[in-house]
Amino acid sequence: MCEDLHVYVGREQPAPCFSTIGEAIAYVSRDYVPLPPAYPAPRESLSPAVIHIAPGVYREKLVLERPHVTLEGSGASDTVLVYGDHALQILEDGGKRGTFRTATLRIHTHDVTLRHLTVRNDAGCGRLVGQAIALYADGDRLRLENCRLLGSQDTLFTAPLPLREAQPGGFTGPGEHLPRTLGRQYYEHCHIQGDVDFIFGGGICYFEECDIFAAKAPVPPPESPEGQAVYGYLTAASTFKERPYGYVFHRCRLLGDCPKGSVYLGRPWREYARTVYLECYMDEHIHPAGWADWGKEHGHFHYGEYACYGPGSGVGLRADFSCQLTERETEAYRIERVLEGWSPR
């Protein structure tokens, strides 16, 4: 393996230097031929590439398919990757864009790191524009450190897609006809913000000391049959049936500006969703029931909490299909077990 390749985006930087992130990605990817997806991903003898991004707002729609790449920003509040595609956009053929063609940044490879930057979809309120993905994370051994992911509905998609779509055309996009390849993803000290299902998908994901922020939408939601307005859902996992892990949140902070008791911890996008919160702070916006079943049959999905605290952590009214884990049961959720031997730290 050769020395690391360093390239730069922004003015007054060493060569090779580019004015856009897309040009830098094209440069480091110029000799790479993508391999078929696999899990676990292969260990390729490819020189790591680091793209150093100067402070600025970069309005670009980006795709990264070259592995062993680090996108290194200058600070999460200083380096911002942003675009505004959304699901209800009408395209030239008269059809709608749909969820999975909206991403500001789509990663479709393995061994990628994002550090000290923001990825944002600024299309607006999901109740007006539909789903709008900021980061489409599709690959194995993906790592985010000190990043912000900002959006409204469907901010972060952790691939793969479910095996089957619920309605024709629902998966239209780059992953529609690809094999459903699992991936392990690690998020550390990140800020992830949205309202409805804003962390969703079938990936195996470990969130370490992240802020999960439920943002109040400018358009209020309709009331539920129980007469209460539900402002959002933090997660909508679609864990594969045979997998023991989906989303694990460890020592995260669940924050938001939504009304008291109006946001659920999660609901199952597919029947075998798995999500647990361990030692997390939960503010008062969390609904007393904690979890919604989305009309799915009980007994398949798994929702658990352990030693959580804060005004939204009360267990007295939690949904009866969720559970409070014992200390012994949490041993199964140690990071090395969840990520199956990959050590992102």
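For the single chain, residues carry numbers from 1 onward in sequence order.
Panel note: side chain Arg120, backbone Leu81; no donor-acceptor pair is recorded below 3.5 Å. Distance alone, capped at 3.5 Å, places no donor-acceptor pair between the Lys96 side chain and the Ala87 backbone. For the pair Arg66 (side chain) and His68 (backbone), a donor-acceptor distance under 3.5 Å is present. Formation of a donor-acceptor pair under 3.5 Å by the Glu60 side chain with backbone atoms of Ile21 is found in this model. The backbone N or O of Pro162 lies less than 3.5 Å from a partner atom in the side chain of Arg180, making a donor-acceptor pair. In this structure, Gln228 contributes its side chain and Gly261 its backbone to a donor-acceptor pair below 3.5 Å. A donor-acceptor contact shorter than 3.5 Å links the side chain of Glu165 to the backbone of Gly170.
Side-chain contact between Tyr231 and Pro220: present, with at least one pair of heavy atoms (C-beta onward) separated by less than 4.5 Å. Contact of the Lys296 side chain with the Arg267 side chain is not registered, since no non-hydrogen atoms from C-beta on lie closer than 4.5 Å. Pro221 has its side chain out of reach of Val230: every pair of non-hydrogen atoms, C-beta onward, lies at least 4.5 Å apart. Contact annotation: the side chain of Leu5 never approaches that of Ser47 to less than 4.5 Å [non-hydrogen atoms, C-beta and beyond]. Side-chain contact between Asn121 and Tyr83 is absent, with no heavy-atom pair separated by less than 4.5 Å. With a 4.5 Å cut-off on side-chain heavy atoms, Asp283 and Ile286 do not count as touching. With a 4.5 Å cut-off on side-chain heavy atoms, Thr104 and Ile133 do not count as touching. Taking the side chain as every heavy atom from C-beta outward, Cys258 and Val263 approach each other to under 4.5 Å.
Hydrophobic clustering, with ILVMFWY side chains joined whenever heavy atoms are under 4.5 angstrom apart, keeps Leu255 apart from Leu150. Clustering ILVMFWY residues whenever any of their side-chain heavy atoms sit less than 4.5 angstrom apart, transitively, puts Tyr247 in a cluster other than the one holding Tyr233. Linking Ile, Leu, Val, Met, Phe, Trp and Tyr residues whenever their side-chain heavy atoms come within less than 4.5 Å leaves Phe157 and Val196 in two separate clusters. Val80 and Leu156 sit in two unconnected hydrophobic clusters of ILVMFWY residues. Membership requires side-chain heavy atoms under 4.5 Å apart, directly or through other members. Transitive grouping of hydrophobic side chains (ILVMFWY, heavy atoms separated by less than 4.5 Å) keeps Leu62 and Tyr136 in distinct clusters.
Nearest heavy atom pair, residue Pro55 against residue Ser74, reads CD-OG, 3.3 Å. Minimum interatomic distance between Thr181 and Pro37 (heavy atoms only, all atoms of both residues): OG1-CB, 3.4 Å. The two residues Pro40 and Arg141 come nearest to each other via the heavy atoms CB-NH1, 4.4 Å. Minimum interatomic distance between Ala214 and His285 (heavy atoms only, all atoms of both residues): CB-CD2, 3.8 Å. Across Ser29 and Ile25, no two heavy atoms sit closer than the pair OG-O, 2.7 Å. When all heavy atoms are compared, the tightest approach of Thr235 to Leu265 is OG1-O, 3.0 Å.
A cation-pi arrangement is present between Arg30 and Tyr27, with the terminal nitrogen or guanidinium carbon under 6.0 Å from the aromatic centre and inside a 45° cone about the axis. Figure legend: Arg253 and Tyr281 shown without cation-pi pairing, the cationic atom not lying both under 6.0 angstrom from the six-membered ring centre and within 45 degrees of its axis.
In summary, Arg345 and Glu188 do not engage in a salt bridge, as defined by a charged side-chain N under 4.0 Å from a carboxylate O. A salt bridge does not link Asp138 to Arg106: none of the charged nitrogens lies less than 4.0 Å from a carboxylate oxygen. Salt bridge present: Arg184 and Asp140 bring a charged side-chain N and a carboxylate O closer than 4.0 Å. Residues Arg334 and Glu331 are paired through a salt bridge, judged by an N-O separation under 4.0 Å between the basic side chain and the carboxylate.
Side-chain contact, Arg274 with Thr239: no donor N or O sits under 3.5 Å from an acceptor N or O. The closest side-chain donor-acceptor pair between Glu327 and Thr330, if any, does not fall under 3.5 angstrom. Glu208 and His250 share a side-chain donor-acceptor pair at under 3.5 Å. A donor-acceptor pair shorter than 3.5 Å cannot be found between the side chains of Trp294 and Glu271.
Separating the SG atom in Cys210 from the OH atom in Tyr187 is a distance of 9.0 Å, to the nearest 0.5 Å. The line from CH2 of Trp291 to CG of Asp320 is 14.0 Å long, rounded to the nearest 0.5 Å. Distance check: Cys190 SG to Glu209 CD gives 11.5 Å after rounding to the nearest 0.5 Å. In this structure, the separation between CD1 on Ile107 and CG on Leu135 is 5.0 Å, given to the nearest 0.5 Å. Separating the OG atom in Ser313 from the CD atom in Gln324 is a distance of 9.0 Å, to the nearest 0.5 Å. Considering NE2 of His86 and SG of Cys125, their distance stands at 12.0 Å, rounded to 0.5 Å.
Between Phe249 and Tyr277, the ring planes are parallel. Angles under 30° get that label, and only those over 60° would be called perpendicular. Ring geometry, Phe171 versus Trp269: the interplanar angle exceeds 60°, so the pair is classed perpendicular (tilted spans 30 to 60°).
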Check the pair Asp85, Arg97 against salt bridge (charged side-chain N to carboxylate O under 4.0 Å, His left out), reporting the backbone distance first and the verdict last.
CA-CA 8 Å; Asp85 279 349; Arg97 181 176 295 278; 3.4 Å; yes
Passes side chain to side chain donor-acceptor pair (under 3.5 Å), Glu72 versus His52? Steps please.
CA-CA 5 Å; Glu72 177 90 47; His52 302 272; 5.4 Å; no
May I have the step-by-step check of ring pair (Phe, Tyr, Trp, His ring centres under 6.0 Å) for Phe198 and Phe200, ending in yes or no?
CA-CA 6 Å; Phe198 62 95; Phe200 75 113; over 10 Å; no
Derivation and outcome, side chain to side chain contact (heavy atoms under 4.5 Å, CB included), residues Val28 and Val7:
CA-CA 8 Å; Val28 302; Val7 302; 3.9 Å; yes
Evaluate salt bridge (charged side-chain N to carboxylate O under 4.0 Å, His left out) for Asp195 paired with Arg127, printing each intermediate quantity in order.
CA-CA 10 Å; Asp195 46 51; Arg127 294 186 180 89; 5.1 Å; no
Do Glu44 and Tyr32 pass the side chain to side chain donor-acceptor pair (under 3.5 Å) test, and can you show the C-alpha distance, the side-chain angles, and the key distance before you say yes or no?
CA-CA 11 Å; Glu44 298 185 64; Tyr32 178 72; 2.9 Å; yes
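For the side chain to side chain donor-acceptor pair (under 3.5 Å) with Arg148, the lone residue among Thr118, Thr79, Asp211 that qualifies is Thr118.
Listed by chain and number, the residues in a side-chain hydrogen bond (donor to acceptor under 3.5 Å, both in side chains) with Asp293 are His298 (sequence neighbours excluded). Shown here are the side-chain hydrogen bond (donor to acceptor under 3.5 Å, both in side chains) partners of Tyr264, two or more places apart in sequence or in another chain: His287.
Through direct or indirect side-chain contacts shorter than 4.5 Å among Ile, Leu, Val, Met, Phe, Trp and Tyr, Tyr186 is connected to Tyr39, Leu163, Leu182, Ile204, Tyr206, Phe240, Tyr245, Val248, Val276, Leu278, Tyr306, Leu325, Tyr333, Ile335, Val338, Leu339, Trp342.
Other residues, nucleotides and ligands place no more than 12 heavy atoms under 6.0 Å from the NZ atom of Lys216.
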